[in-house]
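Since the model is a prediction, treat every value here as computed from it, not as a measurement. As a basis for the values below, the full set of heavy atoms in this structure was taken, side chains included, without hydrogen atoms, waters or symmetry mates.
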Amino acid sequence: MATIKDIAELAGVSIATVSRVLNYDPALSVTDETRKRIMEAAEELSYKKRPAKKTAAKKIAIIHWYTEKEEMEDLYYLSIRHGIERRCQQQDIQFANYFYDELKDIKFDQLQGIIAIGKFSLGQVAEIAGVTRNIVFADCNPDDEVYDSVIIDFDKASKKIIDYLNEKGHKSIGYIGGRETYKGSSVEIADQREMSFRSYMAEKGLLQNEMIYIGSFSVASGYSLMKQVISILGERLPTAFFAGNDSIAIGCLRALHEENIPVPERVNIIGLNDISVSKYVFPALSTLKVHTELMGETALELLLERIDGRRVAKKIFIGTELVIRKSSF
């Protein structure tokens, strides 16, 4: 059976670094490349963690802001949930899934904590916090002085995509994104990807507002928006597009294909998330990979710390990495 020492030798790092990475130590600062190398070494050696200390008595709830249908259409949140569930199964922790509108049905006296996945308004956060102090938010950060959270630095992620496209010679770059609303509200949530695109492109003197189109984070929206862009801009179509997520990017690819606009020869497309189907579309989608299952696993580790008595809030950023395939040069 492979050991941590074997992984350290294969990955070229210390045993302590391997141990802290495999145990999702939030205080550890390593590069995304190092973390990836360790994970790949562990997989290559078929490493299996020894059973954790007994946690069979623990039972938690996973609360989703997406409906089941919405979750299937946007695999980002589904993948976070799978990460939580997998780690629960590894540690013999009981869990139950609820959608936000089922909150009243939860028997909170039988639970020790909650992981809330998605975006929640301050009112919704207060409602959840009214039943337990042990809460971790995955994909939002309501108050980093009060609540634990596991999030993506979308500002840094957006800049990483723009910098890559600039390095490849693209100056005319469009953005096709989406906005979301809190459940039971029509108020749109400001999206960091869009804001960062606008500000960073303006900083570089490259911002063209007529090349920004906003809908929802879905394949259908990406398709219809790209059709609209092609119709309006014609020959002024940008040489590259940053799509707010992979679902949007896949819709964009279909629209470009139907209009006989070659990708990447005429237009480059880069998405964000690296959902499982991204490598199978044509052309295979370049994207910024988000380690969504790791988000879920880390959220559970934080919750267990809360249950065991930690009271100081933690905010954990999950790293991202560019995955360049055939939809961009």
Side-chain angles (χ1 to χ4, degrees), residues 32 76 152-180 190-275 278-279 281-290 319-329:
D32 293 343
Y76 174 81
I152 304 303
D153 187 339
F154 280 119
D155 179 57
K156 184 177 180 180
S158 300
K159 290 176 179 178
K160 190 180 293 188
I161 291 173
I162 294 168
D163 284 342
Y164 173 81
L165 291 171
N166 283 166
E167 289 167 6
K168 293 300 180 179
H170 297 282
K171 303 301 179 186
S172 176
I173 303 172
Y175 177 79
I176 297 183
R179 291 185 192 144
E180 298 164 307
D191 186 76
Q192 186 62 58
R193 285 158 285 194
E194 178 190 345
M195 292 189 295
S196 296
F197 180 86
R198 290 181 184 275
S199 62
Y200 198 46
M201 289 290 284
E203 180 182 321
K204 290 175 171 292
L206 299 174
L207 180 64
Q208 299 180 71
N209 287 312
E210 67 272 21
M211 295 185 180
I212 299 174
Y213 288 75
I214 307 299
S216 64
F217 290 103
S218 66
V219 174
S221 181
Y223 173 79
S224 62
L225 287 175
M226 181 56 80
K227 284 279 193 176
Q228 187 178 346
V229 175
I230 294 168
S231 173
I232 293 172
L233 296 182
E235 293 300 318
R236 294 184 297 113
L237 201 64
T239 59
F241 280 94
F242 167 18
N245 71 356
D246 286 354
S247 296
I248 290 174
I250 290 169
C252 290
L253 288 176
R254 179 185 169 190
L256 289 164
H257 176 72
E258 288 183 358
E259 297 294 333
N260 296 313
I261 297 173
V263 177
E265 293 80 6
R266 173 60 181 87
V267 174
N268 281 218
I269 298 286
I270 296 184
L272 195 155
N273 287 351
D274 195 26
I275 60 175
S278 296
K279 64 175 70 70
V281 297
F282 181 81
L285 180 64
S286 293
T287 184
L288 190 72
K289 182 177 183 64
V290 175
T320 59
E321 59 182 300
L322 273 169
V323 179
I324 302 303
R325 299 193 180 103
K326 299 295 186 180
S327 69
S328 67
F329 290 123

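S328 and S286 form a side-chain donor-acceptor contact under 3.5 Å, judged by distance and modelled atom types alone.
With a 4.5 Å cut-off on side-chain heavy atoms, D246 and V281 do not count as touching. Between R254 and M226, every side-chain heavy-atom pair lies at or beyond the 4.5 Å cut-off. Contact check for L256 versus I230: side-chain heavy atoms found under the 4.5 Å cut-off. When side chains are defined from C-beta on, N209 counts as touching R198, because their heavy atoms get closer than 4.5 Å. For the pair I232/Y213, a side-chain contact is recorded, criterion being any heavy-atom separation below 4.5 Å from C-beta on.
Between K204 and D163 a salt bridge is recorded (basic side-chain N to carboxylate O distance below 4.0 Å). Taking 4.0 Å as the cut-off between side-chain N and carboxylate O, R325 and D274 count as a salt-bridged pair. Between K160 and E321 there is no salt bridge, since none of the side-chain N atoms of the basic residue sits less than 4.0 Å from a carboxylate O of the acidic one.
Between F242 and Y175, the two ring planes are perpendicular [angle over 60°; tilted spans 30° to 60°].
Within the model, atoms CG of N245 and OH of Y76 stand 10.0 Å from one another, a figure rounded to the nearest 0.5 Å. The structure places CD1 of I270 at 6.0 Å from CD1 of I161, a figure rounded to the nearest 0.5 Å. Here the straight-line distance linking atom OG1 of T320 with atom NZ of K289 works out to 11.0 Å at 0.5 Å rounding. Between K159 atom NZ and D155 atom CG the span is 4.0 Å, to the nearest 0.5 Å. How far OG of S247 is from CG of L285: 10.0 Å, rounded to the nearest 0.5 Å. Separation of atoms CD1 (I162) and CE (M201) is listed at 6.0 Å; rounding is to 0.5 Å.
When all heavy atoms are compared, the tightest approach of K227 to A255 is CG-CB, 4.0 Å. In this structure, V263 and S327 approach most closely via the heavy-atom pair CG1-O, 3.6 Å.
Side-chain atoms of N166 come within 3.5 Å of backbone atoms of H170 as a donor-acceptor pair (strictly under, hydrogens ignored). Under the 3.5 Å distance criterion, the side-chain polar atoms of S158 are matched with a main-chain donor or acceptor of F154.
Few gaps surround NZ on K279; more than 12 heavy atoms of other groups in view lie less than 6.0 Å from it. Other residues, nucleotides and ligands place no more than 12 heavy atoms under 6.0 Å from the CZ atom of F282.
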- [ ] For Y164 and I324, run side chain to side chain contact (heavy atoms under 4.5 Å, CB included): C-alpha distance rounded to whole Å, both residues' side-chain angles, the deciding distance at 0.1 Å, then the answer.
- [x] CA-CA 10 Å; Y164 173 81; I324 302 303; 3.5 Å; yes
